[in-house]
There are 2 protein chains.
Amino acid sequence: MATIHDVAQRAGVSPITVSRVINRSGYASQETRERVEAAVAELGYVPNRLARSLRSKRTHTLALVLTDITNPFFTTVARGVEDTASDAGYTVIFCNTDESENEEKKYLQVLLQQQVDGILLVPARSAPDSIDLIRKQHTPVVVLDRRVPSGVEVDTVRCENELGAYQLVRLLIELGHQRIAILSGPLGVSTAEDRLAGYRRAMREAGHAAEAQLVVYGLFNQASGAEMMRQILELEPRPTGIFAANNLIGIGALHAMQEAGLRVPEDMAVVSFDDLPPTLLTSPFFTVAAQPAYEMGQRATQLLLARLTGDASAPCQEIILPTELVVRQSSGQPRG
Amino acid sequence: MATIHDVAQRAGVSPITVSRVINRSGYASQETRERVEAAVAELGYVPNRLARSLRSKRTHTLALVLTDITNPFFTTVARGVEDTASDAGYTVIFCNTDESENEEKKYLQVLLQQQVDGILLVPARSAPDSIDLIRKQHTPVVVLDRRVPSGVEVDTVRCENELGAYQLVRLLIELGHQRIAILSGPLGVSTAEDRLAGYRRAMREAGHAAEAQLVVYGLFNQASGAEMMRQILELEPRPTGIFAANNLIGIGALHAMQEAGLRVPEDMAVVSFDDLPPTLLTSPFFTVAAQPAYEMGQRATQLLLARLTGDASAPCQEIILPTELVVRQSSGQPRG
DNA sequence: TTGTATGCGTTATCAC
DNA sequence: GTGATAACGCATACAA
């Protein structure tokens, strides 16, 4: 492989001059410039960023650590991150933790070793530990999608989970439902907890009894959604409305209801958090609180880039974006 | 940041000894080992992979260059790549080219500068140019999903596109359809061309006229699918069967048909290439030729890793996986 | 406008 | 078993 020395030799200049021409830093006469560029072309010279990074202490690489890129919400977030980073000349490394703290730790170790310039983190559980780990290496970090315990100072981009959930449940209540069950995500994950809180507030305000059996906990995936729904279907009397804490849970629930011969929304109304990309449903069906996934990725990346290029000690920002209530068929008509 | 020197000093040994302990290379007495490990822990030392890579000429990083990660087919491929790479101790950089040759070139330049150990490429168009560019840096490359011109020697993993398409169209023919239109992907993309070839073979064998107007070209996305479908709906007489060259085109077509008040499969039968992940459709509906997306990512990564760790000059492999014909509702019942 | 000396943090090579 | 030295490829500081 040709190095900067080879190019320098060929062009009859010193390596540093080549460096200057390539990076457009410092001066270079027109003639020198041309000679260098010719040599670069002839030798097919490709600068070694590793060496550059070692020297400059900048890798121009960001990392996005999330739970599962095949969840369409995160896929869209990832695309927002990638586009924004790429425009600014950064590349992005993706890691899937599958909600495992251990995987998260392992990935963070590797990423820090790689000297990534910054990390976008969807924390699996104990955000503070991970944030500490990252901060020890003086690496900027932005927490995405999930809330961190109060008192932890860190840039954050997330949605109004409590309010979005409240609005969804409120809608069901206004449509005349009284017994509404929630298929919740895992305890310990802030999005699950906030959505549960929104559900509880709506129920409380409407004066509906807080029945423990109407709250079921599971994971943010389809299998768990189906499982939770089967549990709910055992109840006597059955709830008439279901709040699924995310899109995958909602889909799983729908399948369980189909198995049981129930129609949605005629027999049971369903609302869920997180929209599905319009490309993915043959006919948009779910009533949802939609998060601006792409924008979340975008904003989080902008925040991170600002830390890198600007003031690293500026006060932390907490960007909380609104969800959009999108009413479709699954929530049904007002009950008689 | 603590360096290997700091650790060495603290442990009262030389840097190279620290290196040996950390990398489990070479000998070290039990006592030395313990002292070093203690020093590492006390200082919170994190090895700098940049420096290591500069010296060892290995970054343990792979790149996956694809057209669009939000296409669920590629999302699943990506997950297969990431899991496989991660198990082998590699991290993965993702890049979206949006089918642009220019973007592809730009990304490849950056990746080669980053000294990635290997590249998984879904070529936008002129695969040979990109392969040359990569090979000039002696970087191994595996072509994923798409065919390269014959004569180009390169490891490849893809599906039987022609056969999968043939089977889908054949199915429509057996159901009694005669006028079948194809909503094709872009000319110049091998998957689009092979699927078109499969369509043509099935039609020819069945003795159906080769009507030019039954073949429409577009892009592999939903908007284009809807657009092509609107064009087809203008035809007199209308075709009774539609072959969508991928899932997004199929969904777009479905929307266009709904707009026009047509029911599927009653008024028109639809089959399409590429399955949608089971999580994403509320009720599986499309009859498809399903590609084993996760396995494709897995196999391609294995091939690449084999090049890295094994014989770089072994003859190239071409892995061609079968598609699975999955018959669901959208293809309808036999016509009277 | 261009060049020299030096160091980034690690490991390969050879020596003890 | 352990260490000294040099080198990976580039860019910073300073000098000319």
Side-chain angles (χ1 to χ4, degrees), chain A residues 1-37 39-40 43-61 109-117 137-139, chain B residues 1-37 39-40 43-61 109-117 137-139:
Chain A
M1 287 298 72
T3 74
I4 201 168
H5 282 96
D6 304 327
V7 176
Q9 208 157 21
R10 179 133 193 162
V13 298
S14 76
I16 185 62
T17 302
V18 175
S19 170
R20 284 198 267 253
V21 170
I22 290 173
N23 300 310
R24 288 162 180 64
S25 65
Y27 304 91
S29 72
Q30 184 62 25
E31 198 213 318
T32 307
R33 184 175 299 279
E34 279 166 11
R35 281 224 309 284
V36 168
E37 277 162 0
V40 164
L43 295 173
Y45 168 67
V46 174
N48 185 327
R49 280 209 186 202
L50 247 44
R52 175 185 300 184
S53 296
L54 186 58
R55 196 68 244 257
S56 67
K57 304 201 175 296
R58 287 264 162 152
T59 55
H60 284 264
T61 301
Q109 300 276 12
V110 172
L111 295 169
L112 292 172
Q113 290 187 9
Q114 309 246 66
Q115 315 292 118
V116 296
D117 287 345
Q137 301 303 313
H138 308 297
T139 304
Chain B
M1 285 298 71
T3 75
I4 202 168
H5 282 94
D6 304 328
V7 175
Q9 208 158 21
R10 178 137 195 158
V13 298
S14 77
I16 185 63
T17 301
V18 175
S19 170
R20 284 198 267 253
V21 169
I22 289 173
N23 301 308
R24 288 163 179 62
S25 66
Y27 304 91
S29 72
Q30 183 62 27
E31 199 213 318
T32 307
R33 183 175 300 279
E34 280 165 11
R35 282 222 311 283
V36 168
E37 279 162 359
V40 165
L43 295 173
Y45 168 66
V46 174
N48 185 328
R49 281 209 185 201
L50 247 44
R52 173 185 300 183
S53 295
L54 183 59
R55 196 62 244 246
S56 67
K57 303 199 175 297
R58 288 263 161 151
T59 55
H60 284 264
T61 302
Q109 300 277 10
V110 172
L111 295 169
L112 293 172
Q113 290 187 9
Q114 310 245 68
Q115 315 293 118
V116 296
D117 288 345
Q137 302 302 312
H138 308 298
T139 304

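Here is how names work: the chains are called A, B, and so on, in the same order as the sequence lines, proteins then strands, and each is numbered from 1. All values derive from a computational prediction rather than experimental measurement.
The CD atom of B:Gln9 sits 16 Å away from the C1' atom of D:dA4 (whole-angstrom rounding). Summarising the geometry, the separation between CG on A:Asp6 and C1' on D:dC10 is reported as 13 Å, rounded to the nearest angstrom.
Axis angle between the ends of the helix from C:dT1-D:dA16 to C:dC16-D:dG1, five pairs each and rounded to 10 degrees, works out to 30°.
For B:Gln137, the side-chain contact (heavy atoms from CB on, under 4.5 Å) criterion is met by A:Met1, A:Val46, B:Leu112, B:Thr139, not counting sequence neighbours. Qualifying side-chain contact (heavy atoms from CB on, under 4.5 Å) partners for A:Thr32, counting only residues two or more places apart in sequence or in other chains: A:Val13, A:Thr17, A:Ser29, A:Val36. With sequence neighbours left out, A:Asp6 forms a side-chain contact (heavy atoms from CB on, under 4.5 Å) with A:Ala2, A:Thr3, A:Leu43. Applying the side-chain hydrogen bond (donor to acceptor under 3.5 Å, both in side chains) rule to B:Glu34 yields the partners B:Gln30; only residues at least two apart in sequence or on another chain are considered. The side-chain hydrogen bond (donor to acceptor under 3.5 Å, both in side chains) search around A:Asn48 returns none, not counting sequence neighbours. With sequence neighbours excluded, the residues forming a salt bridge (Lys or Arg N to Asp or Glu O under 4.0 Å) with B:Arg35 are B:Glu31, listed by chain and number. Listed by chain and number, the residues in a side-chain contact (heavy atoms from CB on, under 4.5 Å) with A:Ser19 are A:Ile4, A:Ile16, A:Asn23 (sequence neighbours excluded).
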Please list each protein N or O that sits under 3.5 Å from an N or O in nucleotides 7-9 of chain D, with the distance.
residue, atom, partner, partner atom, Å
D:dA7, N3, B:Arg55, NH1, 2.8
D:dC8, O3', B:Lys57, NZ, 3.1
D:dG9, OP1, B:Lys57, NZ, 3.1
D:dG9, N2, A:Ala51, O, 3.3

Restricting both atoms to N or O, compile the protein contacts to nucleotides 1-4 of chain C shorter than 3.5 Å, with distance only.
residue, atom, partner, partner atom, Å
C:dT2, OP1, A:Ser29, OG, 3.0
C:dT2, OP1, A:Thr32, OG1, 2.2
C:dT2, OP2, A:Ser29, N, 2.7
C:dG3, OP2, A:Ser14, N, 3.1
C:dG3, OP2, A:Ser14, OG, 3.1
C:dG3, OP2, A:Thr17, OG1, 2.5
C:dG3, N7, A:Arg20, NH2, 2.7
C:dG3, O6, A:Arg20, NH1, 3.4

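Contact check, B:Ser19 against C:dT10: no side-chain N or O comes under 4.0 Å of OP1 or OP2.
Residue pairs meeting the salt bridge (charged side-chain N to carboxylate O under 4.0 Å, His left out) criterion with at least one member in residues 10-23 of chain B, sequence neighbours excluded: B:Arg10-B:Glu42. Residue pairs satisfying the salt bridge (charged side-chain N to carboxylate O under 4.0 Å, His left out) criterion with at least one member in residues 51-60 of chain B, sequence neighbours excluded, are absent.
Side chain of A:Thr59 to main chain of A:Gln115: a donor-acceptor pair is present (N/O by atom type, distance under 3.5 Å, no hydrogens or angles).
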